[in-house]
Amino acid sequence: MNRSTRIAALTVFAAVLAAPALAQTVKVTPLGGIDGEFCPQDRALVFEDPNGTRILYDPGRTVAGGGDPRLGKIDIVLVSHMHGDHAGNAHNKAPNSGTCAAPDMSVSAMPNSNAANIAIAKKAKIVTGSEMPPFFAAKLKANGGDPADSMLARFGGSVTVGGVRIATVTAMHSNGLDPDYIGGDLGKAMKDAGIAGDVGLPTGFVLRFSNGLVAYLSGDTGITADQELVVRNHYQAKLAVMNIGDGFTTGPAEAAYVINELVKPAAVIASHANEVGTVGGKARPGSKTEAFVKASKVPVHLPLSGKTMEFDAAGKCTAGC
Ligand SMILES: [Zn+2]
């Protein structure tokens, strides 16, 4: 081999070595109310790391308990805060029961929560921030699970589970625990008085996957300075999952400001619209979902239930979008 042949051979060799890393993507699959649509109660997403670790984010009311056949293996359950539409105070009987406009939420998950029931069924870890871990540890213990499977990632720190680094970040919202999770005389007295249990602050999450992709999951939040100072400047998130529902969280205009001016990711997945966001898999004209798509400067991917999207380390959707 002369010198140029050797260099050419080395180049091919290097490309072969690099190819698997370049091809590694994080798969994101929404587990919403109706296949192929983005519906009012949809929050749940499954993230699959290239190494096979599977993470369920905010199961809410559209995952039909631990027996939902769409779940498959789940290693980690993330809960941003304790409100019923995130932890899951109730859920559908089965995927695609009810309609997009009128979701089935007929199965109670009280007093455990859908999140705790799924974690027990899947022998998964539950990772939360703030003061939520003792709550979930108690639910695991009371239902035959291992309380040590409830893990803490408090603001500023992180835990690594299954090769995925998990940190919690600021969410400006509320996090009162419905007294029905407490039950008994105490739960009843609290309910009669109109007060909720204290499990600390709500959170968002930042996940760093093994292919290098950093994703920001907003949880329920308003606009916060940390979206720039922490999520963008420190963690350098390239993919965002952003709540657009308004009233309870950022609406489409506020969410677009967060994306365009503060987090500046390469792409965003809309979430938590509290409306029929799509018809036939396309943004419904006049919807908040459509307004967010128009206002965002980066590609907006709609979380169509059951449709897997793949993202590379740079936050670019490489398949399924
Ligand atoms: Zn909430």
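Both counts, for ligands and for their atoms, begin at 1 and track the order of listing. Below, each value reflects all heavy atoms present in this structure, side chains not excepted, and no hydrogens, waters or symmetry copies.
At least one donor-acceptor pair under 3.5 Å links the side chain of Glu275 to the backbone N or O of Lys288.
Residues His83 and Asp220 bring no donor and acceptor atom of their side chains to less than 3.5 Å of each other. Counted by atom type alone, Thr168 and Thr203 present zero donor-acceptor pairs between their side chains at under 3.5 Å.
With respect to Arg54 and Asp75, no salt bridge is recorded, no charged nitrogen being found less than 4.0 Å from a carboxylate O.
Rounded to the nearest 10 degrees, the angle NE2 (His81) to the Zn ion (ligand 1) to ND1 (His83) equals 100°.
The Zn ion (ligand 1) lies closest to atom OD2 when only the N/O/S atoms of Asp220 are considered.
For residue His173, an N/O/S atom approaches the Zn ion (ligand 1) to within less than 2.8 Å. Residue contact annotation: Asp85 places no N/O/S atom under 2.8 Å from the Zn ion (ligand 1).
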